[in-house]
Amino acid sequence: MRNGQIAAGLREIADLLEMTEDNVFRIRAYRRAAEAVESLAEPVAAILARDPKGVAGIGAGISEHIQELEATGTTQLAVDLHQQFPESVVALLRVPGMGPKLAARVYRELGVSSVAELEAVAIDGRLAGLSRVGTKSAANILRNITAFKEHGARMPLGEAWSRVTSVMAALNAAGGVRRLTVAGSARRYQDTVGDLDLVGVAEEPLAVMDVLVNLPEVERVLGQGPTKSSVILSGGRQLDLRLVEPEDYGSLLQHFTGSKQHNILLREYAVARGLKISEYGIEDVATGVTRRFETEEAFYTALGLQFIPVELRQGRDEIRLAAKHGLPTLIEPDDILGDLHLHTDWSDGGATIEQMVRAARDRGYRYMAISDHSGGLGVAHGLTPERLRAQRAAIREVAARYPEIRVFAASEVDIRADGAMDFPDEVLAELDLVIGSIHSAMSQSSEEATARLIRAIENPHVDIIGHPSTRLIGGRSGMEFDRQAVFAAAARAGTAMEVNANPARLDLRDADARLALEAGVKLTIDTDAHAVDQLSLMEFGVRTARRGGARRQDVWNAAPVEEIVGWLSR
DNA sequence: GCCGTTTTCGGCCCGACTGTTTTCAGTCG
């Protein structure tokens, strides 16, 4: 069973307990456990089998529920709770404005057990007729049902950044903005983003808010005030802008960056030291004095902590490490010296070899790899061995004119269903660098996929496994495989695992990158660019690797070219 | 239900907003 399914099972228990008005701390324990499970790259049951105390937030009780979920797909507790509230009632909680208390009441008092029925009672007035529910609440819920049906899903990271930077550019251009930063999950470079958040300082906040609500991409204004405005952008995405006093900027930015779990742990850490954190600063409980913070650096320093990079604010072990000043020095975007996964118009790319070489050189790269598809990928105009040789000659010819950048003649070679490579060994041997990637037969069992990946990893010609899970964010969930076994094989073989920087992939994902690094695997961070302007996607890959805890020395394409050559000739 | 370089029992993050209320519960981030 996938960790995501286990987490969903625990969340369902939490939702049901909440409707029965169980102990709030017990409910929170289930939610915390669900989040903990979700952040693991390895199946939670495997970790617990090795070490019963191996996952913070999971004790004896929840551990048993996890075993039940693994064995039967459900838990006795959930079955019992469903006597009171059927499964469909839990779905009501996904409508914004519907909490557990209200969901329980509409079911008990109105017999509503689905979103469709909720919509009906919101329209016919029965919802507004409940005590402590008025016409405004009912209308709000109805509006949220409509919005929920239109765009329930979170947006991919790339979309979030393109939307929020466009708004930021407009606000900055209008003048009067002194500071402006993206907050929330976009700032943490989480792979999907719900709402967009901006935190800023302005000389005349009201004027800036006016600019915001009148932007052409603003579809609807939810609220407008001097400190906070909320708008719906075209496409239905919500954006909140908060403008604060300069002396509160650090505190507020920290608060609205999250993650929620990071902030909860940080507040617990503070409470244990006689301090109380809120978005307005840090209060010394004994004296009642609240310190305000202009920068996040000062905020973390005041807690006796090393500054915690936004990518690590996941509510894992970062506070404990920061207290010991033991956080890793993460790789920086400027550390990247090359891009080892690039396509041209020889296969399915849009640019010529020369255009890609110039673009990489203009980014200041010292090396790059041209890695067009192998022949088996007919849809991507994959190269035959003959065309591959012709392309290599063309690459050498272009490269001779750009001595400032080393151009590796490579290929992204399809890994067939049985783990064999799409080119014979003698063809692979001619290449400077080989990326093995899966593009077909993605519905294999975990056992098949594991064996397939390991066979490719152990092929001595294969240097990198490209987008290892094949997931597409918002599309397919990616292949299941045994992370431990695959990463152990990669560490033994010296085969790198790619963090594909395309925001539709981000694959390895953050937690998998962490697991790979713990297994001793080195990463590459590549854009897989099919056009010149996609070289700039590198930042998303670096941020994802940072979320996995990657340092410069963990990433091949942050190493000088001599080291790359040494690795490739291993 | 979980957890402990103050605790194995007694705690568990914090505040804003909204709507429905004569003092606050529920929801959200």
Side-chain angles (χ1 to χ4, degrees), chain A residues 10-11 13-15 17-19 21-37 52-66 75 77 92-106 127-141 143-144 183-188 193-197 199 222-223 225 227-230 238-240 242 244 248 251-252 254-283 285 290 303-304 315 319-320 323-324:
Chain A
L10 296 175
R11 277 209 182 89
I13 293 174
D15 287 339
L17 288 173
E18 210 160 14
M19 283 192 277
E21 306 194 32
D22 205 279
N23 179 301
V24 291
F25 299 110
R26 183 179 176 216
I27 294 163
R28 204 171 79 186
Y30 279 98
R31 291 203 193 287
R32 277 192 183 199
E35 283 187 32
V37 169
K53 291 182 175 299
V55 183
I58 296 180
I62 291 180
S63 194
E64 244 173 70
H65 289 314
I66 290 173
T75 60
L77 179 56
L92 297 179
L93 299 174
R94 292 209 301 271
V95 176
M98 284 295 292
K101 301 289 190 315
L102 191 52
R105 289 185 58 209
V106 296
L127 179 60
L130 289 178
S131 74
R132 297 197 62 84
V133 180
T135 50
K136 282 192 170 181
S137 296
N140 184 42
I141 285 166
R143 202 165 48 238
N144 288 337
S185 50
R187 181 169 182 236
R188 301 195 313 275
V193 175
D195 294 342
L196 301 167
D197 295 294
V199 176
L222 298 176
T227 61
K228 178 185 172 183
S229 294
S230 296
Q238 182 169 340
L239 180 141
D240 295 342
R242 288 185 178 76
V244 305
D248 291 326
S251 305
L252 269 292
Q254 195 286 327
H255 174 74
F256 287 113
T257 295
S259 65
K260 181 187 172 83
Q261 191 59 24
H262 173 79
N263 284 352
I264 288 174
L265 294 179
L266 201 61
R267 285 164 183 209
E268 288 176 358
Y269 172 89
V271 166
R273 284 154 187 80
L275 304 170
K276 193 172 84 170
I277 298 176
S278 78
E279 53 260 61
Y280 302 110
I282 304 173
E283 180 188 333
V285 176
T290 298
L303 291 168
I319 293 168
R320 190 172 53 75
K324 295 189 302 185

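Each chain gets a letter, A, B and so on, in the order its sequence line appears, and its residues count up from 1.
When the options A:E18, A:H65, A:R11 are evaluated for a side-chain contact (heavy atoms from CB on, under 4.5 Å) with A:Y30, the one that passes is A:H65.
In this structure, the side chain of A:Y269 engages the main chain of A:L303 through a donor-acceptor pair within 3.5 Å. Formation of a donor-acceptor pair under 3.5 Å by the A:N140 side chain with backbone atoms of A:K136 is not found in this model. With hydrogens and angles ignored, the 3.5 Å screen pairs no side-chain donor or acceptor of A:D248 with any backbone N or O of A:G281.
When the P atom is compared between B:dT5 and B:dG1, the two are found 23 Å apart, to the nearest whole Å. A distance of about 24 Å separates the P atoms of B:dA16 and B:dT21, rounded to the whole Å. Nucleotides B:dC12 and B:dT18 place their C1' atoms 27 Å apart, quoted to the nearest Å. A gap of 13 Å separates the C1' atoms of B:dT6 and B:dG11, to the nearest Å. B:dG15 and B:dT22: their C1' atoms are spaced 23 Å apart (whole Å). Separation of the C1' atoms belonging to B:dC13 and B:dC2 is 16 Å when rounded to the nearest angstrom. Distance noted for atom P between B:dC28 and B:dT20: 15 Å (whole Å).
Within the 4.0 angstrom heavy-atom criterion, only backbone atoms of the sugar-phosphate kind lie near A:Y30; the bases stay farther away. Within 4.0 Å (heavy atoms only), A:L266 reaches no atom of the nucleic acid at all. Note on A:G258: nothing from the nucleic acid sits closer than 4.0 angstrom, heavy atoms only. Within 4.0 Å of A:A272, counting heavy atoms only, lies at least one base atom of the nucleic acid. Residue-level contact check: A:I27 touches neither bases nor backbone, having no heavy atom under 4.0 Å from any strand. At a threshold of 4.0 angstrom between heavy atoms, the contacts of A:V271 are confined to the sugar-phosphate backbone, with no base atom among them. Counting non-hydrogen atoms under 4.0 angstrom, A:R32 reaches the backbone sugars and phosphates but no base. Contact annotation for A:A270: no contact, since no heavy-atom pair falls under 4.0 Å across all strands. Residue A:K276 is classed as a sugar-phosphate contact, given heavy-atom separations below 4.0 Å to backbone atoms only. Residue-level contact check: A:K260 touches the bases, meaning some heavy atom is under 4.0 Å from a base atom. In this structure, A:S259 reaches neither bases nor backbone, as no heavy-atom distance under 4.0 Å exists between it and the strands shown. Using a 4.0 Å heavy-atom cutoff across all strands shown, A:I62 reaches sugar-phosphate atoms only and no base atom.
Under the Watson-Crick or G-U wobble criterion, with both distances below 3.5 Å, B:dT18 is paired with B:dA25.
Side-chain N/O atoms of A:R105 and A:S131 include a donor and acceptor closer than 3.5 Å.
Taking for each of A:R267 and A:G61 the nucleotide of DNA chain B with the nearest heavy atom, the 5'-most of the two is the partner of A:G61. Where A:R273 and A:F25 each meet DNA chain B at their nearest nucleotide, the meeting point lying more 5' is that of A:R273.
Base orientation for B:dT7: syn, the chi torsion being within 90° of 0.
Crowding of A:E64 atom CD: a count of heavy atoms from other residues, nucleotides or ligands under 6.0 Å not exceeding 12.
Residue A:S259 holds its OG atom at 12.5 Å from CZ of A:R187, rounded to the nearest 0.5 Å.
Using a 4.0 Å cut-off between a side-chain N of Lys or Arg and a carboxylate O of Asp or Glu, A:E279 and A:K228 do not qualify as a salt bridge.
Put simply, chain A comes within 4.0 Å of DNA chain B, heavy atom to any atom, from B:dG1 to B:dG29, going 5' to 3'.
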